[in-house]
Amino acid sequence: MELNSNQIQEILPHRYPMQLVDKIVDFEPGVWAEGIKCVTVNEPFFQGHFPEAHVMPGVLIIEALAQTGAVAILSQEEFKGKIAFFGGIKNARFRQQVRPGDVLNLRCEITERKGPVGFGKAVAKVGDKVAAQAEISFVIGE
């Protein structure tokens, strides 16, 4: 099931300049989600990162992965209208720079959940090359 940017906004509270997922290409509520971020030179962070050699900040790649995972968890009926807050990041690895013109393929799988606390495994790719990966945790709040 696909979601466009407006449909994503019905699930996530993020708005410009922090909505970092352009489209959800498929997902299973509470289990996993796959999305894309089309990186353009017009991103506000490129003004300072870096003006002479644009590279998407790794922390924002992780945020895009977390937003993808948040779509998976917050699309469950019991969590609709809630917010998923970052709980932590483990084993983050950055393997390839992400630059304007790249399409970032995002996948987050929910690996465990106990009440409002959960964990996910996330991978961002450009083409078939891993750009970043991490284990993330979250807490669902109001």
Side-chain angles (χ1 to χ4, degrees), residues 1-113 116-142:
M1 175 183 342
E2 282 191 6
L3 300 174
N4 65 34
S5 59
N6 296 112
Q7 292 167 316
I8 293 168
Q9 287 183 347
E10 292 174 13
I11 299 169
L12 300 183
H14 302 82
R15 299 296 182 265
Y16 175 85
M18 285 304 297
Q19 184 176 344
L20 298 175
V21 180
D22 295 324
K23 182 179 187 178
I24 294 294
V25 294
D26 202 5
F27 71 103
E28 183 177 340
V31 181
W32 59 271
E34 291 182 0
I36 59 170
K37 164 72 178 151
C38 299
V39 182
T40 76
V41 73
N42 294 315
E43 308 287 350
F45 50 79
F46 286 135
Q47 293 177 40
H49 200 273
F50 299 98
E52 296 176 10
H54 297 142
V55 176
M56 184 173 181
V59 68
L60 293 181
I61 298 170
I62 300 296
E63 173 65 23
L65 286 165
Q67 289 181 22
T68 302
V71 168
I73 201 71
L74 296 177
S75 62
Q76 281 188 275
E77 196 61 42
E78 66 185 292
F79 297 126
K80 286 190 177 176
K82 304 214 180 221
I83 298 175
F85 295 100
F86 246 130
I89 304 166
K90 283 180 27 180
N91 301 319
R93 298 288 179 264
F94 303 97
R95 306 199 180 280
Q96 176 178 317
Q97 293 180 348
V98 177
R99 299 182 174 278
D102 287 343
V103 175
L104 202 51
N105 296 295
L106 308 161
R107 180 174 172 87
C108 187
E109 179 181 336
I110 307 303
T111 56
E112 185 179 352
R113 190 173 65 78
V117 177
F119 301 87
K121 191 175 197 176
V123 178
K125 293 182 177 182
V126 175
D128 60 353
K129 294 182 180 176
V130 173
Q133 60 192 54
E135 297 167 43
I136 58 176
S137 61
F138 59 88
V139 177
I140 298 167
E142 299 298 322

Between the main-chain N or O of [Y] and the side-chain N or O of [X], is there a donor-acceptor pair closer than 3.5 Å?
X      : Y      : answer
Asn4   : Asn6   : yes
Glu112 : Val117 : no
Asp22  : Cys38  : yes

Distance from [X] atom [atom1] to [Y] atom [atom2], nearest 0.5 Å?
X      : Y      : atom1 : atom2 : result
Lys121 : Lys90  : NZ    : NZ    : 11.5 Å
Phe119 : Glu109 : CZ    : CD    : 14.5 Å
Phe79  : Leu74  : CZ    : CG    : 8.0 Å
Arg99  : Thr40  : CZ    : OG1   : 15.0 Å

Do Arg113 and Gln76 pass the side chain to side chain contact (heavy atoms under 4.5 Å, CB included) test, and can you show the C-alpha distance, the side-chain angles, and the key distance before you say yes or no? CA-CA 13 Å; Arg113 190 173 65 78; Gln76 281 188 275; 4.1 Å; yes

Give a yes or no on whether Glu78 atom CD has more than 12 heavy-atom contacts from other residues, nucleotides or ligands under 6.0 Å away. yes

Minimum heavy-atom separation for [X] and [Y], please, with both atom names.
X     : Y      : answer
Ala70 : Leu12  : CB-CD2, 3.5 Å
Leu3  : Val71  : CD1-CG1, 3.9 Å
Ser75 : Gly30  : OG-N, 4.5 Å
Ala84 : Ile73  : CB-CG2, 4.4 Å
Trp32 : Arg107 : CE3-NH1, 3.3 Å
Met1  : Phe27  : O-CD2, 3.5 Å

So do [Y] and [X] actually touch side chain to side chain, heavy atoms under 4.5 Å?
X     : Y     : result
Leu60 : Leu20 : yes
Pro13 : Ile83 : yes
Met56 : Ile61 : yes

Given side chain to side chain contact (heavy atoms under 4.5 Å, CB included), test Leu106 with Glu34 step by step and report yes or no. CA-CA 5 Å; Leu106 308 161; Glu34 291 182 0; over 6 Å; no

Can you list everything that forms a salt bridge (charged side-chain N to carboxylate O under 4.0 Å, His left out) with Glu43? Sequence neighbours excluded, please. Lys37

Apply side chain to side chain contact (heavy atoms under 4.5 Å, CB included) to Ile62 and Ile89, showing your working. CA-CA 9 Å; Ile62 300 296; Ile89 304 166; 3.8 Å; yes

Report the C-alpha separation of Asp102 and Gln97 in whole Å, then their side-chain angles, then the decisive distance to 0.1 Å, and conclude whether the side chain to side chain contact (heavy atoms under 4.5 Å, CB included) test is met. CA-CA 10 Å; Asp102 287 343; Gln97 293 180 348; over 6 Å; no

Do we see a donor-acceptor contact under 3.5 Å between the side chains of Gln19 and Gln9? yes

In a table with atom names and distances, give each donor-acceptor pair under 3.5 Å that connects a side chain of residues 124-142 to protein atoms at least two apart or in another chain.
residue: Glu135; atom: OE2; partner: Asn91; partner atom: ND2; Å: 2.8
residue: Ser137; atom: OG; partner: Gly88; partner atom: N; Å: 2.8
residue: Glu142; atom: OE2; partner: Lys82; partner atom: NZ; Å: 2.7

Side-chain donor-acceptor pairs under 3.5 Å in residues 46-54, sequence neighbours left out?
residue: His49; atom: ND1; partner: Val55; partner atom: O; Å: 2.6

